[in-house]
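Residue numbers run from 1 in the order of the sequence given. Atoms within a ligand are numbered from 1 in the order they appear, just like the ligands themselves. The shown structure was predicted, so the numbers you read here are calculated from the model rather than taken from an experiment.
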Amino acid sequence: MASGSGGGGYREGRMVGDYMFGRQIGSGSFSVVWLARHRVHGVEVAVKEIVMDKLSKKLQESLLSEIVILKHIKHPNIIRMHEIIEGTERIYLILEYCRGGDLSVYLQRHGKILEATAKQFMQQLANGLQVLRDNNLMHRDLKPQNLLLTTTDDNVVLKIADFGFARSLQPLVLAETLCGSPLYMAPEIMNLQKYDAKADLWSVGAILFQLVTGKTPFTGNNQIQLLQNINSTDLRFPQDCNLSHDCIDLCKKLLRRNPLERLTFEEFFNHPFLAQSKPDQPLRRISSPQGAHKMTLNYQEECMPFPLEDESGGVDQSLSAQMNNSIRSTYGFHVRANKDSSSIKTTNFGSLFKPIPMNNSGYEHDSYRMSGHMKHTIASSKDDKNDQTSVDSLDLVEQEYVMVSGPPLEMSSSSLSNAEMRNSSPKSENSPAETRKNGGVSAPVPIVSTTITKAGTFGSLDSHNSPVSGASEGFMDDAIELPSANFITRIRSLQQYGSVISELVKEESENGRRLEAFSVQLILLAIWKQAVNICHSQADFSIEGSPSQEIKSRVNSNASPISRSFYRGSESLDAIYPQIEREFLHSVEHAEELEKGMGQVDEATEMPDAIEIIYQSALALGRLGAVDEMMKNADHAEACYAKAGCLLNFLLVEASSVPLNPPLCLTNSDRFRLRSYIDIINNRRCQSRSQRVTLLNQR
Ligand SMILES: Nc1ncnc2c1ncn2[C@@H]1O[C@H](COP(=O)(O)OP(=O)(O)OP(=O)(O)O)[C@@H](O)[C@H]1O
C-alpha cells in the first residue's frame with residue numbers, strides 16, 4: 001500500500017517542519033527525493049532535499065528558478081510545490097507526490113506503448129506546456145525522467161517536473177544557454193546556436209517518438225555523434241510500429257532540425273493527433289479542448305438560488321447582480337475533473353469495495369482499497385517578498401554555455417522576474433491553458449490515500465468571515481481556502497459536513513433516487529475516511545513527538561494504534577476517534593446497503609455527479625431558506641441557510657482535499673462564485689437570526 005499509515009516507513013524517519021520522512025524515492029544530480037507525510041493532515045508529499053553548499057552559485061540560481069516557477073504555477077499537469085522549508089545548510093522543496101514514478105520508469109516497464117496511451121500523455125504534456133507558454137517560460141530539460149505520473153493505474157495523470165533549467169523568455173528573445181539531456185535535446189542547442197522555446201518542442205517530439213516506438217529518435221555514443229546522426233539521417237520509424245498518420249506527422253513535424261520549420265506551439269496544440277480521444281478509452285484524459293468535459297450546472301435565471309432581494313440593500317444586491325452576470329456569461333460553476341463520464345459504469349461499483357489487509361500498524365482494518373489519483377489546488381504558503389529577493393539576484397546573472405549531459409557541471413540561471421510572472425497572470429482565466437483545462441464528471445470514488453491539504457483559512461459556517469473580499473479570478477496568487485491545520489477544528493468541520501451530507505443521502509434515498517443516494521454516500525465515505533486519516537496522523541505524531549522512549553515502546557507494543565494515544569494523554573483524539581471510526585464503518589455499511597438496493601443496474605447507466613447534487617442541494621436549501629424568511633418562518637430559514645452554507649463550505653474548503661476519484665478541482669471562478677454564495681447565505685442567515693429575535697421579542 002502506498003499510503004495510509006506506516007506505508008512509507010515514517011515512524012523511523014526524521015521530521016522536517018511538519019513532515020515525517022519515509023523512504024527515499026529518487027535522487028537527482030544534486031538532490032535526494034524522499035517520501036514524507038504531513039504530521040497533521042497525513043498528506044503524502046515528495047520532499048526534494050538539496051544540500052546548498054554542494055551547489056555552485058549557478059546551481060543555486062537554477063534552484064531558485066525552480067522555486068519561483070513552481071511556487072506560482074498551479075495546474076494539474078505541472079507538479080505542485082506546497083512549501084519550501086529552509087534549513088541552515090539544506091533546502092527542502094515540499095512537492096506533490098507522484099506515486100506512479102517518472103515516465104522513464106513507465107517506459108522501462110511497458111516498452112513502447114499504445115498510440116492511444118501515448119496520445120493521452122501527449123495531451124497532458126501539451127496542457128502543461130500551454131501554461132509554460134502562457135507565462136513565457138520554457139522548460140529546457142523535457143525528458144521522460146522529468147515527467148512524473150500520479151499513479152500506476154489507468155487513471156494516471158502526467159505532470160511536468162524539475163524546473164531547474166527552466167527560464168523565462170520574452171517573446172522573440174533567444175536563449176543562449178546550453179542545457180537539457182542530449183537524447184532529447186534540440187539540435188540548435190547542441191550546435192550552440194541561439195534557441196527559443198521551440199527547443200522544448202523538439203524534446204516533446206523525441207518523447208512522443210520514444211513512447212510509440214520504444215526508442216529515442218536519434219542515438220549516438222556521444223554528443224557529437226548524436227548531433228551528426230541528427231544532421232545526417234532522416235527520422236525512421238521501426239517497421240513493426242503500426243502508427244496512425246497523425247502520430248507520424250506530429251513526430252516528423254516536431255523533429256524538424258530547423259526550428260523555423262518545426263511546428264509552432266499553436267500548431268502543436270492544435271495538431272489533429274492531440275484532438276480529443278474517443279470516450280471509453282481506459283486511460284484518463286486530463287486534457288480536453290475547451291469545454292469538452294466540463295460539468296455544467298445549467299444555471300438559469302429562474303434557478304437563482306436566493307429569490308429575496310436584500311432588504312438592507314448594498315452588498316447582497318450587488319452580489320446578486322454580479323452572480324446574475326456571471327450566470328449569464330459563463331457555464332456556471334463547473335468541476336474540473338478528467339474522466340469521460342461515460343466510462344464510469346455501475347459495473348465498477350463492486351470493485352470499489354475490496355477489503356484490504358491490515359497493515360503493520362493495524363490501522364486499516366476496515367478500509368477499502370479504491371483506485372484513483374489525486375489532484376490538488378493548493379496555494380503555496382510563503383509570501384511573495386521571498387520571491388522578490390530571489391528574483392532580483394537571478395536577474396543579475398549572465399548567461400553561459402554549459403553542458404548538462406551527465407551530472408551537471410554548471411548551469412545558467414533563469415532570469416525570471418516576479419514582475420513578468422505577475423504581468424502574465426491576469427490573462428489566465430481566458431487563456432488557452434485555462435480553456436484547455438480538464439473537465440468531465442463521474443461518480444466520485446473514495447480512495448485510500450490521504451490528500452494534499454495545507455494549513456490555512458477555514459471558512460467557518462458559524463462565522464461571517466467567509467473569504468469573499470479580495471477574491472480575484474486571476475490565475476496565480478488567488479487565495480485558496482484550505483482546511484484548518486488544527487486537528488480539532490478540522491475534525492469538527494468534517495463532522496459537520498458529514499452530518500449535513502448524510503441528511504442529503506437520506507433524502508435522495510427516500511425520494512427513490514438510489515443512484516444519487518449512492519453517489520453522495522461515496523462522498524460521505526470519503527469524508528469519514530479523511531477524518532480517519534487525520535486521526536491516524538495525529539496519533540502518529542503524538543507517538544513520534546513523545547519525549548519518553550519508555551512510553552514510546554509501550555505505545556508501539558500495543559495492538560491498537562488509537563489506544564496508543566492513551567499513553568500520550570491525547571484526550572481529544574481518544575474521545576474523537578471512536579466516533580469517527582463508528583461513522584466511517586457505518587458509512588461503509590450504508591454504501592454497501594445502497595449499492596445492494598440499486599439492484600441490477602444497466603451497464604450504460606451513468607453515475608450521477610455527487611458534487612453537482614451537493615451543489616444543487618445547497619442552492620435549493622438557500623431558496624427554501626429565502627421562502628421561509630419571507631414567510632417569517634425564521635427558525636426554519638436559519639436552519640436551511642446553515643445547511644446550505646455548510647454544503648457550500650464543504651465544496652469550497654474541503655471537497656478538493658477529500659480522497660475522491662476523480663478528485664475535485666475548482667477553478668478560480670468556481671471558488672469566487674462559491675465564496676459569493678457563502679457570503680450571501682451568511683448575510684441571510686444573520687437576517688433571519690435577527691428576524692427571529694425580533695419575533696420573539698414581539699411575542
Ligand atoms: N514529486 C515527486 N514525486 C515522486 N517522485 C519524484 C518526485 N520528484 C522527484 N521524484 C523522483 O526523484 C527523481 C529525481 O528528482 P529530480 O529529477 O527532481 O532531481 P534533480 O536533482 O533535479 O535531477 P536532475 O539530475 O535531472 O537535475 C525523479 O526522477 C523521480 O523519479
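Figure legend: Arg257 and Trp202 shown without cation-pi pairing, the cationic atom not lying both under 6.0 angstrom from the six-membered ring centre and within 45 degrees of its axis.
More than 12 non-hydrogen atoms from other residues, nucleotides or ligands lie less than 6.0 angstrom from NZ of Lys112.
Distances below 4.0 Å separate heavy atoms of Gln145 from the following atoms of ligand 1: 29 (O). Each of the atoms 3 (N), 4 (C) of ligand 1 lies under 4.0 Å from some heavy atom of Tyr97. Close approach of ligand 1 to Ile79 (heavy-atom distance below 4.0 Å) involves ligand atoms 1 (N). Every atom of ligand 1 is numbered from 1 in the order shown, and the set under 4.0 Å from a heavy atom of Glu96 is 1 (N), 2 (C), 3 (N). Counting atoms of ligand 1 from 1 in the listed order, those under 4.0 Å from a heavy atom of Lys48 are 16 (P), 18 (O), 19 (O), 20 (P), 22 (O).
Here the shortest heavy-atom distance to atom 31 (O) of ligand 1, taken over Ile50, Leu35, Ile25, Asp102, belongs to Asp102.
Ligand 1 has an N or O atom lying under 3.5 Å from an N or O atom of Cys98, backbone or side chain. Close N/O approach between Asp141 and ligand 1 is not found [any backbone or side-chain N/O within under 3.5 Å].
Taking a 4.0 Å cut-off on heavy atoms, Ser27 registers as neighbouring ligand 1. In this structure, Lys143 is part of the shell of residues with a heavy atom less than 4.0 angstrom from ligand 1.
With a 4.0 Å cut-off on non-hydrogen atoms, Ala161 does not touch ligand 1 at all. Proximity of Val105 to ligand 1, defined as any heavy-atom pair under 4.0 Å, is not found for any part of the residue. With a heavy-atom cut-off of 4.0 Å, Glu44 does not touch ligand 1 at all. The proximity of Ser31 to ligand 1, defined as any non-hydrogen pair under 4.0 Å, involves the side chain as well as the backbone.
A salt bridge links Arg262 with Glu188: at least one charged nitrogen is closer than 4.0 Å to a carboxylate oxygen. Residues Glu49 and Arg90 are paired through a salt bridge, judged by an N-O separation under 4.0 Å between the basic side chain and the carboxylate. Looking at Asp141 and Lys143, a side-chain N of the basic residue comes within less than 4.0 Å of a carboxylate O on the acidic one, giving a salt bridge.
Every residue meeting the side chain to side chain contact (heavy atoms under 4.5 Å, CB included) condition with Gln228, not counting sequence neighbours, appears here in chain and number order: Ile224, Gln225.
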Show the numbers, then the answer: is there a salt bridge (Lys or Arg N to Asp or Glu O under 4.0 Å) between Lys159 and Asp102? CA-CA 9 Å; Lys159 293 177 186 262; Asp102 64 53; over 6 Å; no
Do Tyr92 and Glu86 pass the side chain to side chain donor-acceptor pair (under 3.5 Å) test, and can you show the C-alpha distance, the side-chain angles, and the key distance before you say yes or no? CA-CA 6 Å; Tyr92 303 89; Glu86 286 171 49; over 6 Å; no
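Note that NZ of Lys119 and CD1 of Ile113 are 13.0 Å apart. Values are rounded to the nearest 0.5 Å.
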